[in-house]
Structure formats: C-alpha cells, structure tokens
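Worksheet for the structure shown next.
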Amino acid sequence: MTALVPLVVLIPLLGAATALTLGRRPRAQRIVTVLSLTVVLAIGAVLVWAVDTQGALVMEVGGWAAPFGIVLVVDRLSALMIVVSALVLLAVLVFSIGQGLADGDEETPVSIYFPTYQILAAGVFTAFVAGDLFNLYVGFEILLVSSYVLITLGGTEPRIRAGVTYIVVSLVSSMIFLASIAMIYGAVGTVNIAQISVRMAEIPVDVQIILHIMLLVAFGIKAAVFPLSFWLPDSYPTAPAPVTAVFAGLLTKVGVYAIIRTETVIFPGTELNPALMIVALLTMVVGVLGAVSQADIKRMLSFTLVSHIGYMILGVSLGSAIGTAAAIYYIVHHIIVQTTLFLAAGLIERQGGTTSITKLGGLLKASPVIAVLFFIPALNLGGIPPFSGFIGKVALFQASAEQGTALAFVLIGAGALVSLLTLYALIRVWNMAFWRPAEDVEGYESTMLDNVSEAPGRTAVKEKRAIPRLMTAATAGMVAASVALTVFAGPLYDVSARAGDNLEGPGQYVELVFPNGGADD
Amino acid sequence: MSVSLVLVIVMAVLYACGVYLMLERSMTKVLLGFLLVGNATNLLIITMAGKAGLAPIVSEGVAPEEMTDPLPEALILTAIVITFGVSAFLLALIYRSWRLGKEDSLGDDADDVAMRGGAVTMQGEDTDALPGDTEFEERPS
C-alpha cells in the first residue's frame, strides 16, 4: 500500500511530461490530463480508505530510513486533502476543457495549459505528503511556479499587472519560509518534521516563539490570513475563470494545511493560540466587509474566500482535537463550495457577458440551470441548514464553546455575524443578477446597490456566448459533490474527527515516522 | 556553534539591499532585489551549518567531527535552482510587460485608487485611474 504514496506525485508529473511532448495535438493532451487526474483521484480514494482502516502510511524514499532519508507521510488529514484536491482539480479541468473547446483556444496558449495544470497538481500533492520541512518547501515552490504561469496565461496587460503583485508577494513568503527552515535547522539540526517536533521541546521557549512566528508568517501569506491577505482579492479575479476557481479552492488551503501541521506537530505549544484567535477574528470580519462592498461577483467571492479562511484558523487556534477536526471538515467543505461558486461565476460571465451585479439581470429567466447551480452553493457558503457550511460552522462553534474562554465566545458571535454578512453578499447577487428582470437594469435604484465599488478596468460588457454542456456538467458535478458533503456528513465528520484525534499532540505523528524510537538522538 | 562573522555581515548587507530594492516599483529592481534576498538566504543556510570543516567524504583517518555539515549545501543547491527558474520567469514577465506598455513599473490597483479618493464608483462612471491621482510618483505615460 505504501507504493501508492509517491504515485500521487509521480503520475501528474509524468502526465505533464507526456502532455508537453504532445504539444501539437491538443486532443491527446486533454485525454492524457483527464486520465492522469482520474487515476490520482482513484488513488486518493484508496488512500483514504486504507489510511482510515489500517492506519497511516509512511514511505521512506529510496529505502533510507528517517531521519537520513526523506519520508512521505499520509495520515488521515493528508489522505482527505489529497482526495478532495484531486476531485476539484478534475472538475475544474473538465470545465476548462469545455470552455477551451468552445472558444477555439484563441486567447490562451493551450499547449502549455495542460502540462502546467498537472505540475500544479503535483506540487499540491507533494505538499500534502511531505514529511520533511524542506520537501514541503519544494512542494510549495512547484505549485507556486506553475501558478505564476497560470495566472499570467495569455500575457494580457491586466493579467501581467495582477500577476506581478501575486508573484512578488509569493516570492517574499517563500523567502521567509526558506529562512525559517534555515533557522530551524540551526536550532535543532534536522528538517524532518517528526524529529523537529521532538527536539523543539528542548529549545528555550522564546527561541521557539520566534521560529514559530516566522513559519506562521510564511504560511499566513500563502493562506491569505489577515493582515497578510491584501494580495488575494487583487490578483485572483483577473485570471481565467477555471484558473481562479482552482486557485481559490486549493492554493490557500495548502497554506492552511501547513498551518495545521505547524500548530499540531512542529510547535504543539499553546503560547500563540490567543494571538491566532485574534487573527482569525480579524480575517473573518475584514474579509467579509470587503465582500459586502464589491459589485463584481469574482472580487466579492475572493473577499469571502479570505473571510472564510478565518473560520479554519479559528478551528486550528483552539488547540484541541475537536477544534482541529472541525477545521478539517470546514476545509473539505470550503474547497468544494468555493470552487463551485467560482465556476458558477464563470458560467454567469459567459451567459451575461459580465460579472458586475449592476449590469446583470434576468438570468433566472434566461438560464434557470445556472440559477440553481449558483443558488445551492451560495446558501451552502452562507451556512444555511442543512448544508455542509452549516454543519461545519456548528462544529466550529461547539469546539469554541467547549474551550469556554471569553475570546472563544466573541469568536462564536463574530462567526455567526460573518456568516450572515456572507449570505447578504451572496443573496444580493441573487437578487440583482437572477431575480431582477433584464429590462430593469438601466437606471435601477436600490439600497442594495448603494456604496458598492465596481471592478476597475473591466466595465466593458463582453459578448454573450452560448454555454457548452461540458462546463455546465462540471459545475453540476461540483454542486452534487457539495450536496454529498451534507448527505454523507456523518461518515465524513467521523473521518475528520479521527484525523483531529491523530493530531492531538505530536506524539502520534512522531510514532509514525519513528516506530522504533530514535527521534531524539 | 561558531559562526563566521564575515558571512553574517555580508548576509545582513545583502538582506538590507535586497529588501530595499524589492520595495521599488520598477520590476527590474524587484528582480535584482529578489536575487540579493535569495543569496542572503543561501548564506543564512550556510551559516547554520556551523563551523567549516573538511569535505564530508567518508575516508580513512577523517573523523566525522572534522567534516562540514553536508545537508545545508544540498538545501542551498535546491534553493539556487529554484531561484534561477523563478528569475528566468520574472525576466520573461518583465519583457512581456515592456512589450505591452513600454514601461517597467508596476501601476496602482485602480480600485485602490478609487477607494483612496473617496470616490464611490457606480455604473456608467469611468473607473480608470487618472495618472495624477496616486500619492506616489507619477507614472510615465
């Protein structure tokens, strides 16, 4: 079974190489890419089953035992993240194939799109299986470099401008990450996560806090945690719709995943937890206030993305097994729902020619299918029962209430308020774009449209185009997956709870990598 | 752990210059700053290896304590390759930006500019940033 672990990285990489050699045959490229991601999805499903029933898998690359070799570790958290990411990557791929086929691919150099997309997948999976801090850094770099290519795809002026912001911010975060790896190596003499965890206990607490903060800043930039989230709403909306969808769904969550590992394994101490709770509060509130003031659907969704990262940080900052479990369930829910909403925004843009709610109208009549595909994930993100957003938020609030500090209750209140404001922002889109009759768009007066700011430079209404079936099908598949999160919430939440239990204290993780001891010599 | 003072000073200077350059608007300067910061980080890794020693090759008569730590060197090699790849991409991006706009500097986010001026942009208004309404130096047009 351990042989499956490196395959999740190898298959997309080989697929990328194959797709690159097939540059002149787009049809073959598409087949190779779909095939490789389908295989990874299947492997991910097997991994979840195997890890959940038979315990975590540890692969020593090249047969070199830890700490001398590199270890790949798949526990319940990694396995869950792999399967959800593979699902999202596959759905977005199908969506982008549908869009590409319809557009005739004039706009984007398609011969590099599929290889880059698979390298992005390989980077995401590398980060999820890394049992070694430096390997995690390499995983991050792989996914970031391919994301640089994807965000500037086509090389138009707005994309270059937004891309430069994104790239420079990512470079800074990578440098901080690399510097903190160097300092951790200086402090404990190893980069193996399990061994760092054991040796870190012997380091003075003040040094620990410095190293801890450095790692959190590096991951916080990637996860878009306030005040390090400024880059996200500026850079995401300009990319092509499928690229934005996959970035919004996955890339920030890789950062959150790294924060979970940092908090539970590398620095299990609780010194920074109150600070993290305040950061979670500010991320939630500031993010959603941004969302409320946006008229452009894509920008509004980018702000809600930032705001909902706050919920995950809240779960992590509680420092308890149930808090981590709730955060894990929330990540799974949010990856799927946020991606679905961005795909739906892509459909709206195609149908209505714009994503600004001041110019859209009558979509319910024009396309009831899109209306349904937007409405279900919108209610889900807003936390309406019985959807998974509601379940995730209740789990987070329960975990906070169990902790019982005053700050925890403030966060519960803020969380409820933020979910209401999210719902307001999304329902406003529904009212304006779907419910409002198309003939009312000119000169429409509504308090809902007061004080919203338009997306700059994109005021021109593009040509309305027919929506290919493949795009609708991919979005519908994601909506079905988000509904399945509600239907199968019981078993899924049980897996998250067991994953959270695994991460209570670093002992179980260390035990996995060093079953015969030897971590502390 | 003993550390070479010269390396630490060089590292600090590289970091300072690199951060200063990265704060510039010109993309070429940002690239140069990134290169300096990247090399400063490499020096940081190498100072973390501790005292310099013999080459870490197992042979007769060399005790492990006399060898230098080989792991940071492996890490640096990886970091250098990554920096190299990213710089190549940035150069391509700078060239593309120059081809498009004949300029090298990064413009303001037009939405930020609108917000800063207290202007609430509504439908029908021209939302493009005017050249003069940034608090920073004027962009060459």
Side-chain angles (χ1 to χ4, degrees), chain A residues 68 134 137-138 141-142 144-145 148-149 152 155-165 167-168 170-172 174-179 181-187 189-191 230 233-235 293-296 299 356 358-359 441-444 449-459, chain B residues 1 3 15 18-19 22-23 27 30-31 33-34 37-38 40-50 69 71-72 74-76 78-79 81-83 85-87 89-90 92-94 96-97 99-101 106-115 119-129:
Chain A
F68 304 109
F134 198 75
Y137 167 75
V138 173
E141 284 303 314
I142 297 174
L144 283 176
V145 172
Y148 302 159
V149 177
T152 53
T156 57
E157 211 168 347
R159 281 185 194 163
I160 297 273
R161 195 199 63 76
V164 168
T165 318
I167 291 168
V168 173
S170 303
L171 288 178
V172 170
S174 296
M175 279 305 152
I176 295 173
F177 187 14
L178 190 59
I181 291 177
M183 288 172 52
I184 288 173
Y185 184 80
T190 179
V191 284
F230 54 89
D234 181 30
S235 52
S293 71
Q294 295 298 323
D296 184 86
R299 284 179 80 90
S356 166
T358 55
K359 294 191 194 64
V441 172
E442 291 299 321
Y444 190 81
L449 287 180
D450 289 346
N451 301 318
V452 289
S453 62
E454 200 71 67
R458 257 166 293 139
T459 42
Chain B
M1 192 168 83
V3 168
Y15 263 126
V19 169
M22 281 186 97
L23 293 173
M27 279 157 66
V30 170
L31 171 68
F34 167 66
V37 170
T41 311
N42 291 341
L43 282 180
L44 173 66
I45 300 177
I46 216 159
T47 48
M48 288 303 160
D69 187 351
L71 185 70
L75 302 188
I76 290 173
T78 317
V81 174
I82 291 173
T83 315
V86 173
S87 326
F89 182 78
L90 271 178
L93 204 65
I94 293 168
R96 176 74 190 162
S97 169
R99 284 286 299 271
L100 281 172
L106 183 62
D108 279 347
D109 181 3
D111 200 31
D112 283 352
V113 176
M115 287 277 206
V120 175
T121 48
M122 289 294 293
Q123 60 201 101
E125 277 181 41
D126 181 17
T127 51
D128 286 342

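Proteins come first, then strands; the chains are lettered A, B, ... in the order of their sequence lines, and each starts at number 1.
- If you run side-chain contact (heavy atoms from CB on, under 4.5 Å) between A/L178 and each of B/T78, B/V37, B/L44, B/I45, only B/I45 comes through.
- For the atom pair CG of B/L71 and OH of A/Y185, the computed distance is 4.5 Å after rounding to the nearest 0.5 Å.
- Using a 4.5 Å cut-off between heavy atoms, A/Y148 touches chain B through backbone and side chain atoms alike.
- Proximity to chain A (any heavy atom under 4.5 Å) is restricted, for B/L90, to the side chain, taken from C-beta onward.
- Here CD1 of A/I181 is found 7.5 Å from CG of B/L75. Values are rounded to the nearest 0.5 Å.
- Taking each heavy atom of B/T41 and A/A179 in turn, the nearest pair found is CG2-N, 3.8 Å.
- The heavy-atom pair separating A/M175 from B/F34 by the smallest distance is CE-CE1, 3.5 Å.
- B/M27 CE to A/I160 CD1: the interatomic distance, rounded to the nearest 0.5 Å, is 7.0 Å.
- Only the side chain of B/V86 comes within contact range of chain A, judged by heavy atoms closer than 4.5 Å.
- For B/I82, the part lying under 4.5 angstrom from a heavy atom of chain A is the side chain only.
- Atom CZ in B/R96 sits 10.0 Å away from atom OG1 in A/T152 (nearest 0.5 Å).
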